[in-house]
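These notes concern the structure reproduced below.
All heavy atoms count here, side chains included; hydrogens, waters and symmetry mates do not. Below, chains carry the letters A, B, ... as their sequence lines are ordered, and counting in each starts from 1.
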Amino acid sequence: MSSNPSSNNKAVDYSQVPDARGHFGPYGGRFVSETLIYALDELEALYRKLKDDPEFQAQFDYDLAQYVGRPSPLYFAERWTKETGGAQLYLKREDLNHTGAHKINNTIGQALLAKHTGKKRIIAETGAGQHGVATATVAARLGLECHVFMGEEDIHRQSLNVYRMKLLGAEVIPVTSGSKTLKDAMNEAMRDWVTNVDNTFYIIGTCAGPHPYPELVRDFQSVIGREARRQSLAQVGKLPDALVACVGGGSNAIGLFHPFLEDESVAMYGVEAGGYGLETGKHAAPLNDGIPGVLHGNRTYLMEDENGQIIETHSISAGLDYPGVGPEHSWLKDIGRVNYVAINDDEAMAAFRNLTKVEGIMPALESSHAVAYAEKLAREMDPDQMIIVNLSGRGDKDILTVAEIDGITV
Amino acid sequence: MSRIKQRFESLRQQGRKALVSYVVMGDPAKDVTLPVMHALVASGTDIIELGIPFSDPNAEGPVIQKAHERALAHGSSLRDALAQVKQFRETDSDTPVLLMGYTNPIERMGYDSFIEKAVDAGVDAVLTVDLPPEEAEEFSEHLKQANMENIFLLAPTSSPSRQKKVTDMAGGFIYYVSLKGVTGAGNLDVNSVNENVTSIRSLTDLPVCVGFGIKDGASARAVADLSDGVVVGSVLVNQIAALAEQGETNPAIYAAAVSVIIAEIREALDK
Ligand SMILES: Cc1ncc(COP(=O)(O)O)c(C=O)c1O
């Protein structure tokens, strides 16, 4: 196991980031066209007001308990641990949330904000469709009009979720520009927002985008880490030695990591999509193989070419297939608090099959990246050590993808 | 005096409004841009705004977005845009040229390197759509040192305090976005334009040009009366798109087509 990288930066006060303008060190900020500044100012003011409002927090907690089904269990995967050999493996079961992924923690929070603005129209971007489903779900519950932008490519890959969104009453708008995946869906959502800014609330699905989105998505998702920390102390009597989470935009990872950042003994691993392998260039791992730049309203690590054009990414999992990453992760990488690693398509597929077989838990392909890395890590650690893996979502949505790889028509 | 100042000064003396014309560099081919730039000037353009192709132009409507895709399809980049301006300057030393684009390609080149090349090419000003004043301090400082103007957008949603912040940092002219929307949208509201341009003018001596949603002589005329000039983009790009779709490869045909549009708008503006 690598030594804990946080030991040499004790001075960092994690509660002080982002700064007032949304900067995490050199990352984050607000890089948008002028028309949106006012909407972001408005959102920020609203969030500042509600963030510490007991009534708002009580409503959020109530919804998470009664509608989402929180707290999600911290499950000791005994058989998986035994088969893997090494550290004890615990799964934070975000797959058991209503709609099957962590995404709903954030959409519940943002929908509450939307309710306070009085705006009746919700838009969202989605890659795997999990955030789209989670948004369509809260929109249905609140009786709000919902439009979800989704790349044409992803619509094919995630047809089950497309149909779910439609059943929930959302309109799914195919995006045909650029690479026809998540990044283009986000562009299209921003275009819609600029046009309909008066009556539209944009629910961003990950901890990226212009300030204050990275901050508020982190805060809403931090329920994962707060619970996991409490559960670990209560169930095991100690803090975990390591945390592992997959990183697309990074919301499930920051949600798990953030409440542990000051616990110096806890090592953290963010797992990016290695696609066909980092060395092939065909992956979605900007923190492993990208450079800082500006996209979608924030400065962060990106996958781009020598002319500053964003390049097409590849991952077997639509939810990780994104050329950027939340700005807080860029900062956590630079200061060395979190290790960012990559897992290839093949390794993720193997982990998907393995966890399904040994635990009867079918992870989302996104989460399978974390599962795969946790296996490697566990083998390097001692049996009395403990790893928490964020099982960010369940794999039902991916069955058709897996069947296709197996050459089976379902 | 900078080319942009000179241009507005002489327009003011003649009692005319500025016509700013936007095309995307390399749309649909690299050899089309230079003839189109000269044709824009010959048919009545006062300032050329050259779009730098970017993979994720999220402030653009479908028309200009596709232009970026056409330009990128054969690898047009910021480097090429700078090269085009340099070539343009060989025969036109008067017409101001403004580069309009997104932050990432410029940052990738590096502020210093970009500005050095831009000065050498004869670029007068830069407009980075996604670099508001809060994030533009360093870039603005670099531009100032090189005597290049930093052009900013103001929108119908910009509050008076925001207008002040932007005009304090802005140079060249203020680009007022006439509507809530992306480029090429059609919901132009003349009353709101009037109100906002009046407010902006009370804050700055810089000329104010109005863009987004101007598609012909009539709409140009309507907003020109309220401002110092107009910006046209999507109408030109639409025409280029139509020719590109037909597989047209002769740059002269593109040049002739944009000339017709600009001449009509020029005539309406000068009436
Ligand atoms: C189950 C699941 N995990 C992870 C992700 C990646 O997003 P993030 O990195 O924001 O958690 C997605 C995105 O769609 C997802 O559906």
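Atom NE2 in His23(A) sits 9.0 Å away from atom CD in Glu134(B) (nearest 0.5 Å). Distance OG1/Thr157(B) to CG/Leu36(A): 7.5 Å, rounded to 0.5 Å. To the nearest 0.5 angstrom, Asp56(B) atom CG is 8.5 Å from Ser177(A) atom OG. Rounded to the nearest 0.5 angstrom, Asp192(A) CG and Asn58(B) CG are separated by 12.5 Å. Atom OG1 of Thr176(A) and atom NZ of Lys66(B) lie 6.5 Å apart (nearest 0.5 Å).
With chain A as the partner, the residue from Pro132(B), Gly61(B), Ser159(B), Gly75(B) showing the most heavy-atom pairs under 4.5 Å is Pro132(B). No other option in Ser158(B), Ala59(B), Pro62(B) has as many heavy-atom pairs under 4.5 Å with chain A as Ser158(B). Heavy-atom pairs under 4.5 Å with chain B were tallied for Gly293(A), Ser33(A), Ala189(A), Pro210(A); the largest tally goes to Ser33(A). Of the listed residues (Glu306(A), His296(A), Met190(A)), the one with the most heavy-atom contacts under 4.5 Å to chain B is Glu306(A).
Within residues 100-110 of chain B, the residues having any heavy atom under 4.5 Å from a heavy atom of chain A are, by residue number, Thr103(B), Asn104(B), Pro105(B), Glu107(B), Arg108(B).
Annotation for Lys115(A): atom NZ does not count as buried by contact number, only 12 or fewer foreign heavy atoms lying within 6.0 Å. The number of heavy atoms from other shown groups lying within 6.0 Å of CD (Glu195(B)) does not exceed 12. The 12-atom threshold is not exceeded at OH of Tyr276(A), counting heavy atoms of other residues, nucleotides or ligands nearer than 6.0 Å. Remark: Lys49(A) NZ is loosely packed, at most 12 non-hydrogen atoms of other residues, nucleotides or ligands lying under 6.0 Å away.
Under the side-chain contact (heavy atoms from CB on, under 4.5 Å) criterion, Ile155(A) pairs with Met150(A), Val162(A), Val172(A), Pro174(A), not counting sequence neighbours. By the side-chain contact (heavy atoms from CB on, under 4.5 Å) test, Ala125(B) is found to be paired with Ile4(B), Leu98(B), Glu149(B), Ile151(B), residues two or more places apart in sequence or in another chain being considered.
For a residue to count as touching a neighbouring chain, one of its non-hydrogen atoms must lie under 4.5 Å from one of that chain's; by this rule Val197(A) touches chain B with the side chain only. Within the 4.5 angstrom heavy-atom criterion, no atom of Leu78(B) approaches chain A. Neither the backbone nor the side chain of Ile311(A) comes within less than 4.5 Å of any heavy atom in chain B. In this structure, chain B has a heavy atom under 4.5 Å from the side chain of Asp198(A), while its backbone stays farther away.
Annotation: side chain of Glu188(A) is in contact with side chain of Gln65(B) (closest heavy-atom distance under 4.5 Å). Looking at heavy atoms from C-beta onward, Glu34(A) lies out of side-chain contact with Val177(B) at the 4.5 angstrom threshold. Side chains of Glu312(A) and Ser55(B) form no contact here, defined as non-hydrogen atoms less than 4.5 Å apart.
When every heavy atom of Thr195(A) is checked against every heavy atom of Val182(B), the shortest pair comes out as OG1-N, 3.9 Å. Summarising the geometry of Phe54(B) relative to Gln309(A), their closest heavy-atom pair is CA-OE1, 3.2 Å, with the distance given to 0.1 Å.
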Donor-acceptor list for residues 37-47 of chain A side chains, cut-off 3.5 Å, not counting sequence neighbours:
residue: Asp41(A); atom: OD1; partner: Arg30(A); partner atom: NH1; Å: 2.7
residue: Glu42(A); atom: OE1; partner: Lys119(A); partner atom: NZ; Å: 3.3
residue: Glu44(A); atom: OE1; partner: Arg30(A); partner atom: NH2; Å: 3.0
residue: Glu44(A); atom: OE2; partner: His211(A); partner atom: NE2; Å: 3.1
residue: Tyr47(A); atom: OH; partner: Asp219(A); partner atom: OD2; Å: 2.6

